[in-house]
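These notes concern the structure reproduced below.
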There are 2 protein chains.
Amino acid sequence: MNRVTAADVAAAAGVSRSTVSYVLNGSDRVRFPESTVARVLEAAARLNYTPNAAASSLRRGRSDVVLAVLHDMPHGTALGRLLDELTAVVAAQGRSLVTWAAREGSALADVLRDLTPRVIVELMPFGDEDRATAAGSGVPVLSAIDALLDLESHVGAAQVDHLAGLGHRRVGVVTVDEPRVEVFARARRASAADALRRHGLAAPPVAVMGEAGAAAADVLAESLREWTRGPDPVTAVACYNDLFAAITCAAAERAGLSVPHDLAVVGVDDEPLGAWLSPTLTTVRVDLPALATAIAAALAGDARSRDVDVIGEGRDVALVVRGTSGAPRSGSVDQTSR
Amino acid sequence: MNRVTAADVAAAAGVSRSTVSYVLNGSDRVRFPESTVARVLEAAARLNYTPNAAASSLRRGRSDVVLAVLHDMPHGTALGRLLDELTAVVAAQGRSLVTWAAREGSALADVLRDLTPRVIVELMPFGDEDRATAAGSGVPVLSAIDALLDLESHVGAAQVDHLAGLGHRRVGVVTVDEPRVEVFARARRASAADALRRHGLAAPPVAVMGEAGAAAADVLAESLREWTRGPDPVTAVACYNDLFAAITCAAAERAGLSVPHDLAVVGVDDEPLGAWLSPTLTTVRVDLPALATAIAAALAGDARSRDVDVIGEGRDVALVVRGTSGAPRSGSVDQTSR
DNA sequence: ATGAAAGCGCTAACAC
DNA sequence: GTGTTAGCGCTTTCAT
């Protein structure tokens with residue numbers, strides 16, 4: 001099947017190629033009589049004409065493709081929700097959002113050889129090389145990193161506010177050691193630590209987890225035993241995400257701690273499965289649709305050559321209170337009254 | 001910043017535009033002296049030259065973009081694994097895989113106006129409209145649907161084989177009513193039913209679930225009570241995926257059934273969180289990397305204008321045996337001996 | 001109101 | 001070996 005070009009449509013409609021272009025692009029500059037428009041439209045439909053995207057972007061000097069870049073980190077459902085929403089709002093702008101997952105060994109330069117997007121949306125922090133590529137390519141980069149970090153900075157706070165509100169005085173932090181999410185993990189635990197300070201509580205003990213493999217719970221159980229020993233035991237844990245919250249619950253059981261009575265656990269991301277753990281998982285849900293909208297708005301404002309930072313709103317973080325969090329058992333040791 | 005073109009590089013290197021093109025594309029037809037090559041490469045690097053993808057695909061008459069199409073169904077981590085792997089193998093072919101999520105209201109035609117991929121990979125069944133668009137666009141479609149269905153047809157069988165092997169004689173099925181995954185859900189439950197027949201067991205009672213909302217477990221608990229009533233109770237359940245398996249476990253508890261003693265439960269997808277449920281979730285893991293490789297191989301064979309079906313291999317399905325599955329309690333009622 | 005014509009940046013056949 | 005040249009299909013200015 002030979003591709004149908006505008007010339008074919010023009011011939012079929014008995015007009016020139018430029019008329020076809022005008023009619024199809026609905027230029028405001030020129031108005032064509034109904035009959036001409038109808039003839040062109042009919043011919044285009046009959047021949048199943050699809051404009052050549054490459055020719056069109058070459059001539060216009062720009063494309064209507066928006067490229068969202070993330071990496072191959074096994075991500076939960078949260079990022080999927082963000083991408084779905086982003087796809088929709090970008091589509092509403094008459095552009096197309098496609099996603100590309102960077103991997104160890106694959107460079108942004110590769111995809112930019114095959115595709116010149118109108119703008120690149122940075123959803124995961126670029127490495128130095130990719131950053132240089134993006135900068136040199138002349139394609140504007142819309143970075144969502146600051147917005148994401150802003151959101152993250154409320155995540156740990158939401159966890160701690162909830163736990164402190166329940167009366168917990170010693171809170172531990174379970175974080176993850178994984179380079180690709182390091183920046184987010186750091187933001188989450190930093191905001192948790194900040195919140196603890198704000199509540200006048202001690203700095204948290206931190207357990208840094210590697211792979212979420214089978215041994216993870218044993219390792220963590222050891223930390224929990226240590227944290228809960230002594231006169232001033234940890235009674236609550238703020239976890240990096242729901243997966244590690246689930247592991248923490250399993251670790252608690254192995255350490256002989258009952259959740260939530262001996263230990264309250266709070267995750268992040270509101271994974272669907274978390275609602276069906278027993279006890280059901282208390283978690284922090286981030287409002288990704290709102291972030292998608294913010295990104296889309298920045299996109300509409302059309303970052304020229306300078307990067308644009310989306311400013312997320314702090315309240316786009318909501319606690320989902322379920323079974324793994326409750327008040328500490330009969331007050332802390334240092335509260336002898338009552 | 002004005003875009004650097006091949007002409008700029010040519011001027012800087014003191015050669016013609018075609019030489020630049022030849023050198024950069026490494027044509028086999030012509031061989032240039034080291035010095036020329038070096039000069040061109042140096043100039044390109046120094047000017048930070050990026051070829052214009054649109055011009056290049058326009059001229060070549062094709063692009064090196066592969067477009068993977070799926071829909072906005074909230075998918076688990078399994079599909080993410082598939083996409084990551086696919087991105088990698090496609091990159092190894094010197095092409096770029098980008099992903100586009102179709103949504104209610106957004107059409108494939110929209111993205112094809114902004115992007116002309118070399119081939120479209122159909123990961124979720126197209127609707128009639130998108131199928132027509134794809135066909136009319138002249139872009140070959142590589143459908144992974146048949147391969148996915150082939151895989152699915154082994155999923156239910158793997159669940160049932162495991163359960164029958166443990167001695168279960170009455171097995172129920174929990175499936176989902178969601179148009180976007182209907183074809184896969186049907187394949188899973190059909191293969192479970194087939195397997196039961198093969199084992200000489202009765203056709204399964206089927207619970208069709210809607211949303212995985214809070215009420216889901218109550219609804220399902222009612223079904224479980226019914227199934228386990230009477231002389232020939234259901235002792236095991238094959239679930240659509242891990243989420244519904246978790247809901248089934250919760251429902252079992254509400255129905256006063258102990259998992260796995262009164263009821264064995266098997267999921268699908270090997271969601272990371274499933275390993276931390278209690279009891280830990282037995283599940284079926286599908287070998288997506290193998291599927292990605294198969295798709296990539298078909299891609300390399302370069303579907304001309306006809307669609308190509310990837311043939312998946314049945315053994316790319318593996319049972320992950322964990323805590324929710326065990327032998328039925330002291331044999332079935334009809335096994336009076338022993 | 002419509003058409004002719006000039007490229008967008010690149011590739012590749014062909015000439016020198 | 002290297003340069004010249006002719007478009008790929010489209011948009012858009014400028015004539016008519």
Side-chain angles (χ1 to χ4, degrees), chain A residues 1-40 43-44 47-65 112-116 118 137-139, chain B residues 1-41 43-44 47-64 112-116 118 137-139:
Chain A
M1 177 199 252
N2 280 331
R3 270 189 68 75
V4 179
T5 76
D8 300 326
V9 177
V15 298
S16 75
R17 302 202 308 285
S18 48
T19 301
V20 171
S21 181
Y22 278 131
V23 169
L24 263 35
N25 293 319
S27 164
D28 317 314
R29 310 258 312 174
V30 270
R31 200 128 301 287
F32 287 84
E34 291 261 344
S35 63
T36 308
V37 171
R39 230 165 48 248
V40 171
L47 299 179
N48 208 325
Y49 170 65
T50 324
N52 180 311
S56 160
S57 8
L58 175 57
R59 178 63 236 228
R60 303 173 109 111
R62 60 192 163 76
S63 90
D64 285 328
V65 172
L112 290 187
R113 242 201 319 277
D114 297 331
L115 188 60
T116 308
R118 167 90 153 250
S137 73
V139 178
Chain B
M1 173 198 256
N2 280 333
R3 269 188 68 74
V4 178
T5 76
D8 299 327
V9 177
V15 297
S16 75
R17 300 199 312 283
S18 53
T19 301
V20 172
S21 180
Y22 280 129
V23 168
L24 263 36
N25 294 319
S27 165
D28 316 313
R29 309 258 311 175
V30 270
R31 200 128 301 287
F32 288 84
E34 291 261 345
S35 63
T36 309
V37 171
R39 229 164 50 247
V40 170
L41 257 31
L47 299 179
N48 207 324
Y49 169 65
T50 324
N52 180 310
S56 164
S57 9
L58 175 57
R59 180 62 241 227
R60 304 173 108 110
R62 59 191 164 76
S63 89
D64 285 328
L112 289 188
R113 238 198 321 277
D114 297 330
L115 186 61
T116 307
R118 167 92 154 250
S137 73
V139 179

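As the structure is a computational prediction, the values presented were derived from the model and not from experiment. Throughout, protein chains are lettered first and strands after them, A, B, ... in sequence-line order, and every chain is numbered starting at 1.
When the nucleotides dC10(D), dT2(C), dG1(D) are ranked by their closest atom to the side chain of Pro33(B), dG1(D) comes out on top. Candidate nucleotides dG9(D), dG9(C), dT11(D) were compared by shortest atom distance to the side chain of Ala55(B), and dG9(C) ranks first.
The OH-P distance, from Tyr49(A) to dG9(D), rounds to 10 Å in whole Å. One atom, CG of Asp64(B), and another, C1' of dC10(C), lie 14 Å apart when rounded to the nearest Å. Rounded to an integer number of Å, the gap from CZ of Arg60(B) to P of dG9(C) is 18 Å. Taking atom CG of residue Asn25(A) and atom P of nucleotide dT2(C), one finds them 16 Å apart after rounding to whole Å. In this structure, the CG atom of Asp114(B) is 19 Å from the P atom of dG9(D), given to the nearest Å. The distance from atom CZ of Arg62(A) to atom P of dC10(D) is 16 Å, rounded to the nearest whole Å.
Counting only N and O atoms by type, the side chains of Ser16(A) and Thr19(A) include a donor and acceptor under 3.5 Å apart.
Looking at every heavy atom in both residues, Leu47(B) comes nearest to Asp8(B) through CD1-O, 3.8 Å. Considering all non-hydrogen atoms of both residues, Pro51(A) and Arg113(B) come closest at CG-CG, 4.2 Å. Of all non-hydrogen atoms in Leu58(B) and Ala55(A), the two that sit nearest each other are CD1-CB, 3.7 Å. Ala53(A) and Leu112(B) make their closest contact through CB-O, 4.2 Å (heavy atoms, listed as atom of the first residue, atom of the second, distance). For Tyr49(A) against Thr5(A), the heavy-atom pair with the smallest separation is CE1-C, 3.5 Å.
For dC10(D), the OP1/OP2 oxygens have no side-chain nitrogen or oxygen of Ser21(A) closer than 4.0 Å. The side chain of Asn52(A) places no N or O atom within less than 4.0 Å of a non-bridging phosphate oxygen (OP1 or OP2) of dC8(D).
Judged by closest nucleotide on DNA chain D, Thr36(B) is the one of Thr36(B) and Arg59(B) placed further toward the 5' end.
Under the 4.5 Å side-chain criterion, counting only non-hydrogen atoms from C-beta, Val40(A) is in contact with Leu24(A).
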Under-3.5 Å N/O pairs linking protein and nucleotides 14-16 of chain D:
none

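Counting non-hydrogen atoms of other residues, nucleotides and ligands closer than 6.0 Å to CZ of Arg17(A) gives a total of 12 or fewer.
Contacts between residues 10-19 of chain B and DNA chain C, counted as heavy-atom distances below 4.0 Å, involve Arg17(B), Ser18(B).
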